[in-house]
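In what follows, a structure is listed as structure tokens, so that the remarks can point back to it.
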Amino acid sequence: MKSLRELIEEAVTEALVAVVGPEGAEIDPLVRPTPDPQFGDYQSNVAMGLAKRLRRKPAEIAADLVAALHLDAVCEPPEIAGPGFINFRIRPAYLSEVLGRLQADPRVGVPLAEQPERTIVDFSSPNLAKEMHVGHLRSTIIGDAIARVLEFQGQDVLRLNHVGDWGTQFGMLIQHVRETQPDVLQHPERFRIDDLESFYREAKQRFDNDPAFADAARRAVVDLQSGEEVANRLWQTFCAESLRHAHEIYDRLDIRLIDRGESFYNPMLPEVVEEFLARGLAVEAEGAVCIFLEGFKNREGGPLPVIIRKSDGGYNYDTTDLAGIKHRVQVEQARRIIYVTDIRQRQHFDMVFAAARAIGWVPEGTKLEHVGFGMVLGPDRRPFKTREGGTIKLKELLDEAEARAAGVVEAQDERRRELSPEQKAEIARAVGLGAVKYFDLSHNLASDYVFDWETMLALDGNTAPYMLYAYARIRSIGRRAGVDLDALPSDVPLIIEHPSEVALAKELVQFPTVIQQVAVDLRPHLLTEYLYGLSRAFSTFYDRERGVRVIDAEPEGVRLSRLRLAEMTARVLKLGLGLLGINVVEQM
RNA sequence: GCCCUCGUAGCUCAGUGGAUAGAGCGCGGGUCUCCGGAACCCGAAGCGAAGGUUCGAUUCCUUUCGAGGGCACCA
């Protein structure tokens, strides 16, 4: 189904053809939402730009366009305002017709992809040598939300956890453990993530301060690569325990991921280098195999290469990522590959994408996209750390979120004292985890944000507690009205008359457009903005001064219509929050 | 030095080549005998700066100031 905006765009384009001739079809009709409801819902700004070209006054052109428009079923007669704006106001009758079609649709108008697009979302991707920490939060949350939106569209999504399970850090760990913890080899089952964390710290310190150990660590990497048994057993133990730990976090966050670490691509690395060399796209420079691409410069202004084989013969993440692209395109048949990492890696991905395209691995129309996000900052506006300067473990952060949320729930409950301890715990979990996710997703991707418990757990404003409360309260309307909102007839005649009903209806019909936009732009905060706006529209609808009666509305037809509007609002909230990875609760 | 991201209200954040730049918190004032006030209404207060393109720029371009980040064998 076409969106309102598309309908108007098509009509304006048709009018343009009528007014200026066939080339009118090529003109952007410049249809936009209006900045102010007094100007209607949409406006076309095309007349102003045409004035010079046609040597006529914009208002006259606008008048001709309006005369040629056929939108009677959708809009009130368009008005010309200001220097030549054409203003469109959607007819309430049209809104109720559209909503009437959506009320029986569990997808609320979001179309299912006719031709699912094979899509890979590469996200979370922790380094397996360490416990998951706050640095992994954003990729995990954002990647999951993006995957959920694309899955809801019916795309064929593969969620890949490109874990760091290879490289020098494992050499350090292996060597350190081999020297100091013979026990681990005998009893790998006793080995826990906490041990890994402290081993890593110790190993890192030795690596930085003891050249002999550093050498041994590098040799341990060689052992690992050459299949030496002890090194490999240790490596497998580390990886297994790390992944077990990571999936505890994922389960808690309700996130599914397929682990496919860097080591998966190891066998493909030599041929990546060979292929670039054979095609003449890579050359040896300073002992390393480099791809020099147009437009990338180093600090001295010289060329900046993609290094695919180091001078010591080893491979790095450029090589692995290139192998990854090749595999994902050729074996996985991906048509869209989305990398969710922090924005500092933007240049790396720009270069790797360019290299992959240069060698022809990426067919026309296949999209490689980097979703880069900003840092999580502490109250001091520095990268978020513990008071002692250590990293903040994800597990502890989630624990604290739930504990703090429990306090919020308790304070709410004091007004009513009707929730059981189990209910409170469930609500605290939903609110706490929801708060962390929602706060993250509601920020513009590229900007850093300050991690602030108070703001994210506030009951007012654009927060998870507010949204969850909004949902719970609407559900309670059903209970109080003695109606099962989920069992309303699927063809309730919708009466959209009061301004607050019109405003709410306009919000509801926008849902498919917003989902579409998030899927294209990969910006989850567009969805949080929308859901917040929807909640506010409902708030006005339900307000005793500005809104309408609902539970006790008369006659029955009006009451049913308004209950349906409430139900649809709840449904969109639940669906929308669900696409952000946030679970709702029926009571709060 | 080059490149990237970003500078919007006291604070935390949205936003658009178009008509008067929006929320939340905080602040000042007011309303409703309140379907669970997630109340509601009014008000003060802002596009870092300067140029340019444009009928129109907060948005695009240039310069400049400021913040953070990246810049050859870590990922």
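So that the names make sense, note that chain A is the first sequence line, chain B the second, and so on, each numbered from 1.
- Summarising the geometry, atom CG belonging to A:L445 is positioned 8.5 Å from atom CD1 belonging to A:I343; distances are rounded to the nearest 0.5 Å.
- Looking at A:D321, its side chain has no donor and acceptor atom pair within 3.5 Å of the base of B:rA75.
- Between the CG atom of A:L508 and the CD atom of A:E501 there is a distance of 11.5 Å, given to the nearest 0.5 Å.
- Summarising the geometry, the separation between NE2 on A:H498 and C1' on B:rC40 is reported as 13 Å, rounded to the nearest angstrom.
- A salt bridge between A:E197 and A:K130 is absent, with no side-chain N of the basic residue lying under 4.0 Å from a carboxylate O of the acidic one.
- Checking B:rA75, B:rU5, B:rC35 against every side-chain atom of A:Q345, the shortest atom distance belongs to B:rA75.
- We find that A:R56 and A:D64 are joined by a salt bridge, their nearest charged nitrogen and carboxylate oxygen being less than 4.0 Å apart.
- Where A:F541 and A:L445 each meet RNA chain B at their nearest nucleotide, the meeting point lying more 5' is that of A:L445.
- Between A:T463 and the phosphate of B:rU12, there is no side-chain N or O to OP1/OP2 separation shorter than 4.0 Å.
- Using modelled atom types, no side-chain atom of A:D440 and backbone atom of A:V436 make a donor-acceptor pair closer than 3.5 Å.
- One can find a donor-acceptor pair under 3.5 Å joining the base of B:rA19 and the side-chain atoms of A:Q43.
- Counting any heavy atom pair closer than 4.0 Å across all strands shown, A:V548 reaches a base atom.
- Counting any heavy atom pair closer than 4.0 Å across all strands shown, A:E286 reaches a base atom.
- Of the side-chain N and O atoms in A:Y466, none sit less than 4.0 angstrom from OP1 or OP2 of B:rA38.
- Nucleic acid contact for A:D165: none, since no nucleic acid atom lies under 4.0 Å from a heavy atom of the residue.
- Closest non-hydrogen pair, A:I80 versus A:A62, comes out as CD1-C, 3.6 Å.
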*Taking it one step at a time, do A:L173 and A:Q169 satisfy side chain to side chain contact (heavy atoms under 4.5 Å, CB included)?*
CA-CA 6 Å; A:L173 267 173; A:Q169 73 272 20; 5.6 Å; no

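- Note on A:H525: every side-chain N or O is 4.0 Å or more away from OP1 and OP2 of B:rC13.
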*What string of B, S and - do you get for nucleotides 20-28 of chain B, 5' to 3', if B is base contact, S is sugar-phosphate-only contact and - is no contact with any protein heavy atom under 4.0 Å?*
B--SSS---

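- Among the heavy atoms of the strands, none lies under 4.0 Å from A:A51.
- Taking every side-chain heavy atom of A:S535 into account, B:rA38 is the closest of B:rA38, B:rA72, B:rA75.
- Defined by atom type and a distance below 3.5 Å, a donor-acceptor pair is missing between the side-chain atoms of A:Y42 and A:N87.
- Ion pair A:R549/A:D552 flagged as a salt bridge, since at least one NZ, NE, NH1 or NH2 atom sits closer than 4.0 Å to an Asp/Glu carboxylate oxygen.
- OP1 or OP2 of B:rG15 has at least one side-chain nitrogen or oxygen of A:R523 nearer than 4.0 Å.
- By the salt bridge (Lys or Arg N to Asp or Glu O under 4.0 Å) test, A:R344 is found to be paired with A:D342, residues two or more places apart in sequence or in another chain being considered.
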Output one line per pair: protein atom, nucleotide atom from nucleotides 45-47 of chain B, and distance, for all N/O pairs under 3.5 Å.
none

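- Residue A:R546 is classed as a sugar-phosphate contact, given heavy-atom separations below 4.0 Å to backbone atoms only.
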*Pairing of RNA chain B as dot-bracket, 5' to 3': ( ) intra-strand, [ ] crossing, | other strand, . unpaired, with Watson-Crick or G-U pairs under 3.5 Å?*
(((((((..((((....[...)))).((((((....).)))))....(((((..]....))))))))))))....

Mind listing the N/O atom pairs, protein and nucleotides 66-71 of chain B, below 3.5 Å?
residue	atom	partner	partner atom	Å
B:rG70	O2'	A:Q347	OE1	3.0

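- Residue A:N444 has its side chain nearest to B:rA14 when only B:rA72, B:rA14, B:rG36 are considered.
- Each of B:rA38, B:rU12, B:rC35 was ranked by its minimum atom distance to the side chain of A:R381; first place goes to B:rU12.
- By the stacking rule of 5.5 Å between ring centres and under 30° between planes, A:Y449 does not stack on the base of B:rC13.
- Judged by distance alone, the side chains of A:R206 and A:H176 do bring a donor and an acceptor atom under 3.5 Å apart.
- A salt bridge (Lys or Arg N to Asp or Glu O under 4.0 Å) with A:D41 holds for exactly one of A:K506, A:R5, A:R32; it is A:K506.
- Using a 4.0 Å heavy-atom criterion, one finds that A:V450 contacts the sugar-phosphate atoms exclusively.
- Atom pair A:R346:CZ and B:rU5:C1' shows a separation of 8 Å (rounding to whole Å applied).
- In this structure, A:S539 OG and A:R546 CZ are separated by 10.5 Å, a value rounded to the nearest 0.5 Å.
- Not one side-chain nitrogen or oxygen of A:T455 sits closer than 4.0 Å to the OP1 or OP2 atom of B:rC13.
- Atom name P, nucleotides B:rG70 and B:rA75: the rounded distance is 16 Å, in whole Å.
- Contact annotation for A:G302: no contact, since no heavy-atom pair falls under 4.0 Å across all strands.
- Side-chain contact annotation: A:H348 with A:D318, donor-acceptor N/O pair under 3.5 Å present.
- Regarding A:F373, its CZ atom lies at a distance of 16 Å from the P atom of B:rC6, rounded to whole Å.
- Residues A:H136 and A:S124 bring no donor and acceptor atom of their side chains to less than 3.5 Å of each other.
- From A:F538, atom CZ reaches atom CD of A:E507 across 13.0 Å, with rounding to the nearest 0.5 Å.
- If you check every strand for non-hydrogen atoms under 4.0 Å, A:S476 touches a base.
- A:D543 and A:T540 form no side-chain donor-acceptor contact under 3.5 Å, judged by distance and modelled atom types alone.
- With ring centers used as reference points, A:Y339 lies under 6.0 Å from A:F353.
- At a threshold of 4.0 angstrom between heavy atoms, the contacts of A:A553 with the nucleic acid are absent.
- Taking every side-chain heavy atom of A:N316 into account, B:rA75 is the closest of B:rA14, B:rA75, B:rA19.
- No side-chain donor-acceptor contact under 3.5 Å links A:N266 and A:Y315.
- Heavy-atom nearest nucleotides on RNA chain B were determined for A:Y42 and for A:I477, and the one closer to the 5' end corresponds to A:Y42.
- Taking the P atom of each, B:rG1 and B:rA9 are spaced 29 Å apart, rounded to whole Å.
- A:L534 places its CG atom 17 Å from the P atom of B:rA38, with the value rounded to the nearest Å.
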Provide a list of protein-nucleic acid N or O atom pairs under 3.5 angstrom, restricted to nucleotides 29-33 of chain B.
residue	atom	partner	partner atom	Å
B:rU31	O2	A:E545	OE2	3.3
B:rC32	O2	A:R544	NE	2.9
B:rC32	O2	A:R544	NH2	3.2

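- Nucleic acid contact class of A:A285 (heavy atoms, under 4.0 Å, all strands): none.
- Atom C1' of B:rA44 sits at a distance of 36 Å from the matching atom of B:rU53, rounded to the whole Å.
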